[in-house]
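Let me begin by presenting the structure, written as structure tokens, before commenting on it.
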Amino acid sequence: MAIEQTLILIKPDGLIKSLTGNVISRLSEAKLTIMGAKVVRVSRDLAEKHYEHLREKPFFEELLNYIMGDVHKTYRVLALVYQGEDAITKIRDVVGETDPEKANPVSIRGAYGRVTRAGVFENVVHASSSPEDAEKEIKLWFMPDEIVEDLYPIKKITLNNVKQTVWA
Ligand code: IDP
Ligand code: MG
């Protein structure tokens with residue numbers, strides 16, 4: 001068994017149904033360590049990169065609308081990084097299968113997800129499906145200083161003339 005990292009997203013349907021607490025309680029059954037957490041307003045660019053592997057699917061546009069929050073009119077997702085032994089399999093077990101109708105009813109997706117007649121599976125959470133995907137996804141959603149330890153190699157760079165937003 002290896003120490004793995006995994007990216008979890010509580011998707012807009014999870015947030016609008018006030019499932020954040022329940023989902024985090026369920027995730028804690030996997031006895032992993034939380035390494036990062038933040039609320040994100042998902043841009044089209046981020047959504048396209050995250051779901052790159054599904055670009056050719058007929059539901060791709062609807063999937064982007066879902067993760068960006070257009071479907072539920074709640075423009076945020078909660079992004080979490082967990083680490084621990086066998087993290088990916090343990091979390092995927094708690095999360096359940098992609099299709100909420102096929103997912104074990106005691107899993108998060110089985111309990112809280114739904115299949116709409118038009119559109120994508122509204123399955124409440126995303127969870128990385130391999131160590132390669134986890135690395136790609138964590139690097140896409142988080143900057144190194146937003147995670148409590150350097151999970152992957154980092155480098156220091158100096159940027160000039162970078163516009164930043166600060167508190168006024
Ligand atoms: P995963 O989220 O279980 O890893 P992926 O195949 O990576 O499943 O698909 C990403 C997301 O796209 C799913 O969580 C679900 O919301 C949506 N999706 C995947 N396959 C289908 C499908 O066949 N019909 C409708 N929505 C789907
Ligand atoms: Mg996937």
Side-chain angles (χ1 to χ4, degrees), residues 2 4-20 22-30 32 34-142 147 151-152:
E4 293 172 341
Q5 293 77 35
T6 183
L7 177 85
I8 317 291
L9 303 174
I10 304 183
K11 300 182 187 182
D13 54 326
L15 293 188
I16 205 158
K17 292 173 177 173
S18 300
L19 292 172
T20 309
N22 302 45
V23 169
I24 291 175
S25 295
R26 294 300 311 276
L27 295 176
S28 69
E29 290 168 19
L32 303 169
I34 191 162
M35 305 300 280
K38 66 174 175 176
V39 181
V40 183
R41 176 157 186 158
V42 180
S43 66
R44 188 177 169 98
D45 182 57
L46 175 58
E48 282 182 0
K49 284 183 177 139
H50 180 76
Y51 284 129
E52 192 164 57
H53 61 295
L54 299 169
R55 195 173 284 276
E56 304 305 323
K57 298 283 185 194
F59 56 81
F60 185 64
E61 271 306 312
E62 199 55 23
L63 184 57
L64 298 185
N65 289 336
Y66 170 35
I67 199 71
M68 288 190 295
D70 287 326
V71 173
H72 299 88
K73 304 289 173 229
T74 182
Y75 300 96
R76 52 184 64 75
V77 309
L78 183 63
L80 307 158
V81 177
Y82 282 83
Q83 175 174 270
E85 231 170 60
D86 249 351
I88 290 169
T89 311
K90 281 184 186 159
I91 292 282
R92 292 281 297 193
D93 283 351
V94 175
V95 162
E97 276 188 55
T98 306
D99 180 345
E101 281 190 353
K102 294 199 180 125
N104 185 330
V106 303
S107 68
I108 294 170
R109 286 170 166 177
Y112 302 124
R114 66 172 190 164
V115 179
T116 58
R117 219 165 301 164
V120 294
F121 300 146
E122 294 185 7
N123 56 12
V124 186
V125 287
H126 164 84
S128 306
S129 43
S130 68
E132 296 70 35
D133 283 354
E135 177 171 352
K136 186 193 131 212
E137 291 170 1
I138 290 167
K139 288 177 173 174
L140 181 62
W141 287 80
F142 286 84
I147 299 175
L151 300 178
Y152 307 105

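Position 1 is the first residue of the sequence; numbering continues from there. When a ligand or atom number is given, it counts from 1 through the structure's own listing order.
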>> Give me the atom names and distance for the closest heavy-atom approach of I8 to A127.
In response: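 Nearest heavy atoms, I8 then A127: CD1-CB, 4.1 Å.
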> Nearest heavy-atom pair of D13 and E122: which atoms, and what distance?
Replying inline: OD2-C, 3.3 Å
Going by the order shown, which atoms of ligand 1 are within less than 4.0 Å of some heavy atom of [X]?
X	answer
L63	11 (C), 12 (O), 17 (C)
L54	9 (O), 10 (C), 12 (O)
N123	13 (C), 14 (O), 15 (C), 16 (O)

> Can you tell me if K11 has a non-hydrogen atom under 4.0 Å from ligand 1?
Replying inline: yes
> On the ring face of Y152, is K139 found with NZ or CZ under 6.0 Å from the centre and within 45° of the axis?
Replying inline: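 Yes, K139 sits over the ring of Y152.
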> Any salt bridge between E137 and K49, counting N to O under 4.0 Å?
Replying inline: no
> Does an N or O from R92, backbone or side chain, lie closer than 3.5 Å to an N or O of ligand 1?
Replying inline: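 For ligand 1, there is an N or O atom that lies under 3.5 Å from one belonging to R92.
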>> Regarding ligand 1, does T98 bring an N or O atom to under 3.5 Å of one of the ligand's N or O atoms?
In response: yes
> Looking at atom 7 (O) of ligand 1, what's its closest protein heavy atom, distance included?
Replying inline: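 For atom 7 (O) of ligand 1, the nearest protein heavy atom comes out as H53 NE2, 3.2 Å.
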> Closest non-hydrogen protein atom to atom 16 (O) of ligand 1, residue and atom name please, with distance?
Replying inline: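 Result for atom 16 (O) of ligand 1: F121 O, 2.9 Å.
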> Hey, is F59 touching ligand 1 through its side chain, its backbone, both or neither, going by heavy atoms under 4.0 Å?
Replying inline: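 The answer is the side chain of F59.
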> Counting heavy atoms only, which part of R109 comes closer than 4.0 Å to ligand 1: side chain, backbone, both or neither?
Replying inline: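 The answer is the side chain of R109.
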>> Just verifying a value: how many Å separate E101 CD and N123 CG, rounded to the nearest 0.5 Å?
In response: 12.0 Å
>> Would T116 and R114 count as a side-chain hydrogen bond (donor to acceptor under 3.5 Å, both in side chains) here? Give the steps.
In response: CA-CA 6 Å; T116 58; R114 66 172 190 164; over 6 Å; no
> So do the side chains of R92 and T98 get within less than 4.5 Å of each other, counting heavy atoms only?
Replying inline: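 SC-SC contact between R92 and T98 confirmed.
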